[in-house]
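See below for the structure under consideration.
A, B, ... follow the sequence lines: proteins, then strands. Residue 1 opens every chain. Keep in mind it's a predicted model, so treat the numbers as computed, not measured.
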There are 2 protein chains.
Amino acid sequence: MVDKYSTISTEIDKELFLTEDTLRFGIEAMFFAYRGFTLDPDKILEKYGYGRAHHRAVHFINRCSGTTVNNLLNILGVTKQSLNRVLRKLISDGLVRSDIGLEDKRERHLHLTEKGFDLERQLSEAQRRRMYSAYKKAGLDSVLGFRKVLECLMDDKVKAQFDDLLEQ
Amino acid sequence: MVDKYSTISTEIDKELFLTEDTLRFGIEAMFFAYRGFTLDPDKILEKYGYGRAHHRAVHFINRCSGTTVNNLLNILGVTKQSLNRVLRKLISDGLVRSDIGLEDKRERHLHLTEKGFDLERQLSEAQRRRMYSAYKKAGLDSVLGFRKVLECLMDDKVKAQFDDLLEQ
DNA sequence: ATTTTATGTCAGCCTTGTTGACATTTCAAG
DNA sequence: CTTGAAATGTCAACAAGGCTGACATAAAAT
């Protein structure tokens, strides 16, 4: 099927996998899959009175233990005011510890506390469980393709951050 | 690497692609890829004073032309109050037409106007362009795997909706 | 005749994003 | 040593887009 309104349909490859239909499939599948992807953590977060923003913060503070606030801001791609609101709550609730930098005392280095670690574990476990089941159903070859296309979908700047993250 | 805190790590397959690392890769890749995925449409939407909610409505009204409000609510998974706010604006801006049902006069059937169609085209073109480039870079085999894993990631109820959508 | 369904709408609340302004502490450079 | 830049925190105000609850109307179904 050729979308008569598309200006890029003229460039569309003759190869079957670059049809309008396949592109649309991917677009809608991303939308619905992302819903599934966030469903399980959202349920857990609700119990504790947190939202997705808290999840993201907790995830990357765990992932990049000791990260500075600025680094976390770059990863999350939000304003400091927005992050600060989330961070303030996590700190006052005792899930995150903010340590003054040893070399540069202006910096704050963020760590999860035991309590924060516990929440992170619940969240990531739920998410890994779904990912695990999807991987298992889809099989090795599909997983490799999945990873590859996701990487290609990323914006260049974001891709660079993602690669940095992997190097650690 | 085995995550010592994970209760599911005991079930982890010996196969390489079901390691904690691969699972985490998928989780983080979904997060960053979704950012890339929404980036281009967001820029366009901003020019017109619309948000992602408008994009989703316009997308599925185009996709399911003549859909009832209830059907759209099911697809989008939001409350009618939330959708109504979006729909009201789209209608008053002349992007969406709401027709009284012929068989059941309680129903409203939604269609894009020329103006709505024009916005939809811009948005989907931007999104298809990125998807196209990702597909091309990743190759056929990867695309098949990508699609498969995304389908497996969906929640069962959402997957059913997705399948319904494909049947049309 | 009554109830249910599909829709719309009002009010109010929450989360999470934004901008702009401003304060503090600390580092770095002249 | 002074001055400017950097890292952080915070206040206020606003907007988008979720949510709940309540209520209204028209039409269909029972």
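Between the side chains of D93(A) and Y48(A), no donor N or O sits under 3.5 Å from an acceptor N or O. Under 3.5 Å, the side chains of S82(B) and T79(B) contain no donor-acceptor pair of N or O atoms.
Within the 4.5 Å cutoff, the side chain of C64(A) has heavy atoms near those of the L165(A) side chain. Side chains of F146(B) and L153(A) form a contact here, defined as non-hydrogen atoms less than 4.5 Å apart. Two residues are said to be in side-chain contact when any heavy atoms from C-beta on lie closer than 4.5 Å; V69(A) and K80(A) fail this criterion.
Atom CD1 of I100(B) and atom P of dT25(D) are 16 Å apart (whole Å). Rounded to a whole Å, the NE2 atom of H55(B) is 16 Å from the C1' atom of dG17(D). dC19(D) atom P lies 11 Å from atom CG of D42(A), rounded to whole Å. When rounded to the nearest whole Å, the span between CG of N74(B) and P of dA6(C) equals 10 Å. As rounded to whole Å, 16 Å separates atom C1' of dA6(C) from atom CG of D99(B). The separation between R52(B) atom CZ and dT16(C) atom P is 14 Å, rounded to whole Å. Across the protein-nucleic acid pair, L73(A) atom CG and dG17(C) atom C1' stand 13 Å apart, rounded to whole Å. One interatomic measurement links the two molecules: CG of L76(A) to P of dT8(D), which rounds to 13 Å at whole-angstrom precision.
A cation-pi arrangement is present between R147(A) and F25(B), with the terminal nitrogen or guanidinium carbon under 6.0 Å from the aromatic centre and inside a 45° cone about the axis.
Closest contact between the side chain of R85(A) and the listed nucleotides dT16(C), dG17(D), dA21(C) involves dT16(C). Among the nucleotides dT16(C), dG9(D), dT7(C), the one closest to any side-chain atom of V69(B) is dT7(C).
Residues R108(A) and Q81(A) both approach DNA chain D. Their nearest nucleotides, taken by heavy-atom distance, put R108(A) toward the 5′ side. Along DNA chain C, the nucleotide closest to G101(A) and the one closest to V86(A) are compared, and the more 5′ of them pairs with V86(A). When each of Y50(B) and N70(A) is assigned the nucleotide of DNA chain D bearing its nearest heavy atom, the one mapping closer to the 5' terminus is N70(A).
Residue contacts for H109(B): at a heavy-atom cut-off of 4.0 Å it reaches no nucleic acid atom on any strand shown.
Proximity of T79(B) to the phosphate of dC19(D): a side-chain N or O atom is located under 4.0 Å from OP1 or OP2. Residue H54(A) places no side-chain N or O under 4.0 Å from the OP1 or OP2 atom of dT15(C).
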Using a cutoff of under 3.5 Å, can you pull out all pairs of nitrogen or oxygen atoms linking the protein to nucleotides 26-30 of chain D, with atom names and distances?
| unit_1 | atom_1 | unit_2 | atom_2 | d |
| --- | --- | --- | --- | --- |
| dA28(D) | OP1 | E103(B) | O | 3.4 |
| dA28(D) | OP1 | K105(B) | N | 3.2 |
| dA28(D) | O4' | R106(B) | NE | 3.4 |

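Side-chain N or O atoms of R35(A) include one that pairs as donor or acceptor with a backbone N or O of L76(B) at under 3.5 Å.
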